[in-house]
There are 2 protein chains.
Amino acid sequence: MNGDHEDRRVRRTRRLLRESLLALILEKGYDKVTVQDVLDRADVGRATFYAHFHDKDDLLVSGIEELVASLRQHLAVAARAGSHESHAGFDLARALFEHAAAHRRPYRAHVSGRAGAVLRKYAHEQFTTLLREHLHDVASTHGATPVVPLEVTVQYFASALLGVLTWWLDNETQYSAEEMGNMFLHLAKPTFAAAFAVTADIQKGVSSDAVTFGKELPHAV
Amino acid sequence: MNGDHEDRRVRRTRRLLRESLLALILEKGYDKVTVQDVLDRADVGRATFYAHFHDKDDLLVSGIEELVASLRQHLAVAARAGSHESHAGFDLARALFEHAAAHRRPYRAHVSGRAGAVLRKYAHEQFTTLLREHLHDVASTHGATPVVPLEVTVQYFASALLGVLTWWLDNETQYSAEEMGNMFLHLAKPTFAAAFAVTADIQKGVSSDAVTFGKELPHAV
DNA sequence: TATAATATGGAACAAAGTGTTCTATTTCTA
DNA sequence: TAGAAATAGAACACTTTGTTCCATATTATA
């Protein structure tokens, strides 16, 4: 059987390349790093590089995938732990800041301003996917009807979260992960309430001033 | 007197170069556009290009500056018009979406996902600067004390706004500028309230559950 | 441990792009 | 119209990219 284990040389090469790129991003920013830089730093031959990765972007993405996997796992644990209190696992944000604090180096390289356009886009996609699933769940579980098109809310939250996180990563942190998480939640929660109309409340006529936007609901035009 | 007027040839050259870059960004995305592409499209000589701009980024930034100037003017007008109603010119957002709708092409090229890292960063800086000034004004005018560090709120709003705008630009719009502005405000307003504690209310003890974050206020730690 | 498989290093390569310099020519302003 | 200034074009050295070939090394495994 071999299925699972790569050749030791392969593992070594890929690890060296990923680590070198990471270090170089932190030093010069992704856009200014050349393949040659990575080769020199990793002390790996040119032909070898192209045997493993199609180009610089490919290496970059490969590097972040393990970080994303690690984050997803961390979030899953956090979701299970806190699902009964507060806003139904809404402390995903808190968990994210914790995870970022625990893996500050890769986060700075891959999420902050030092990262290139490729990764910012990738990170944004990860966040929107996560939030889309989450909001969808919450909506159907709590019988909440979107007042604003769900996708707009998703983009809104994902961008705000990514933006605050990026700022925190790029500015020598004066706030702890916990503080950041709490601040974000404090800002986000009221919006969360505004984005959905709880069906029960509507029946009570409480949400009389709730306006519905977009074309999702027929009577809204 | 010459002071104001550039040589007609200079105007023509710069205009051609900017327009060519704009068109090429929309076709291929900024990162894949080469100086040679711009030269060919504009039918301008290589030496001429480098007589005017230091490099591709320089041309890019020069191109966006007139857009920003135009936006600032539009916002100033909107602020004057609506300063008495609603949240003290908070409909800056509405005005932004209007402006973006009126200048869709340059917005798509310079703000959306097709733009490079350079411009995203530039746009983010413009937004934060604008918001920072605005929130500062509102805070001092209305005697509102930040509950969350002002810079965090700035980053939060700027990112959310830029994110929603980008999404709107990149996805063949099904929503009008007015709808987008209204949706954004609907999401943002509650957060705005949560970000500040109005001094008058504090004296009445209404904000008893307001938590203060960060190290800005001495008693918060 | 011997061997067959395979990953690596190094060099050489064409292709594409960058930014500079020089000169002849065209176009502008005054 | 004349002098000033901008432009086109070509040639240049330089950097980076991605590929190919082959000798050498390391590895898994029988």
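FYI, side chains are in, hydrogens and waters are out, and symmetry mates aren't considered; it's all heavy atoms of this structure.
- Remark: the B:Arg46 side chain and the D:dG9 base include no donor-acceptor N/O pair separated by less than 3.5 Å.
- The phosphate of D:dA6 has neither OP1 nor OP2 within less than 4.0 Å of any side-chain N or O from B:Thr13.
- Between A:Glu19 and A:Arg41 there is no salt bridge, since no side-chain nitrogen of the basic residue lies less than 4.0 Å from a carboxylate oxygen of the acidic one.
- Looking at the side chain of A:Val10, the nearest of the listed nucleotides C:dA7, D:dA6, C:dG19 is C:dA7.
- Atom P of nucleotide C:dG19 and atom CG of B:Asp58 are separated by 11 Å, given to the nearest angstrom.
- Closest approach to the A:Asp7 side chain among D:dT17, D:dT27, D:dA11 is made by D:dT27 (side chain taken as heavy atoms from C-beta onward).
- Rounded to whole Å, the distance from CZ on B:Phe49 to C1' on C:dT21 is 17 Å.
- When the P atom of D:dG9 is taken as reference, atom CG of B:Leu39 falls 11 Å away, rounded to whole Å.
- One atom, CZ of A:Arg14, and another, C1' of C:dT8, lie 15 Å apart when rounded to the nearest Å.
- Contact annotation: the side chain of B:Arg120 never approaches that of A:Arg120 to less than 4.5 Å [non-hydrogen atoms, C-beta and beyond].
- The A:Arg9 side chain lies nearest to C:dA7 when the options are C:dT18, D:dT7, C:dA7.
- Considering only side-chain N and O atoms, A:His52 lies under 4.0 angstrom from the phosphate OP1 or OP2 of C:dT8.
- With A:Asp170 contributing its side chain and A:Ser112 its backbone, the two residues share no donor-acceptor pair below 3.5 Å.
- Between A:Gly45 and B:Val35, the residue anchored nearer the 5' end of DNA chain C, judged by the nucleotide with its closest heavy atom, is A:Gly45.
- In this entry the distance linking CG of B:Asp55 with C1' of C:dG17 reads 13 Å, nearest Å.
- Across the protein-nucleic acid pair, B:Lys28 atom NZ and C:dA16 atom P stand 13 Å apart, rounded to whole Å.
- In this structure, CG of B:Asp31 is placed 17 Å from P of D:dT16, rounded to the nearest angstrom.
- Regarding contacts with the backbone of D:dT19, every side-chain N or O of A:Tyr50 stays at 4.0 angstrom or more from both OP1 and OP2.
- Listed for the B:Arg108 side chain is a donor-acceptor partner under 3.5 Å among the backbone atoms of B:Leu169.
- Mapped onto DNA chain D by nearest heavy atom, B:Arg12 and A:His54 fall at different nucleotides, with B:Arg12 at the one closer to the 5' end.
- Comparing C:dT26, C:dT29, D:dT17 by their nearest atom to the side chain of B:Arg8 picks out C:dT29.
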(request) With side-chain hydrogen bond (donor to acceptor under 3.5 Å, both in side chains) as the test, would you mind laying out the steps for A:Arg14 and A:Ser62 before giving the verdict? (result) CA-CA 9 Å; A:Arg14 298 175 75 96; A:Ser62 116; 4.9 Å; no

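- The phosphate of C:dG9 has OP1 or OP2 within less than 4.0 Å of a side-chain N or O from A:Thr48.
- Here the side chain of A:Asp43 pairs no donor or acceptor atom with the backbone of A:Asp40 at under 3.5 angstrom.
- Using a 4.0 Å heavy-atom criterion, one finds that A:Asp43 contacts the sugar-phosphate atoms exclusively.
- Computed from coordinates, the A:Asp40 CG to D:dT17 P distance equals 11 Å when rounded to whole Å.
- With D:dT20, D:dG9, C:dT18 as the choices, the nucleotide that has an atom nearest any side-chain atom of B:Ala47 turns out to be D:dG9.
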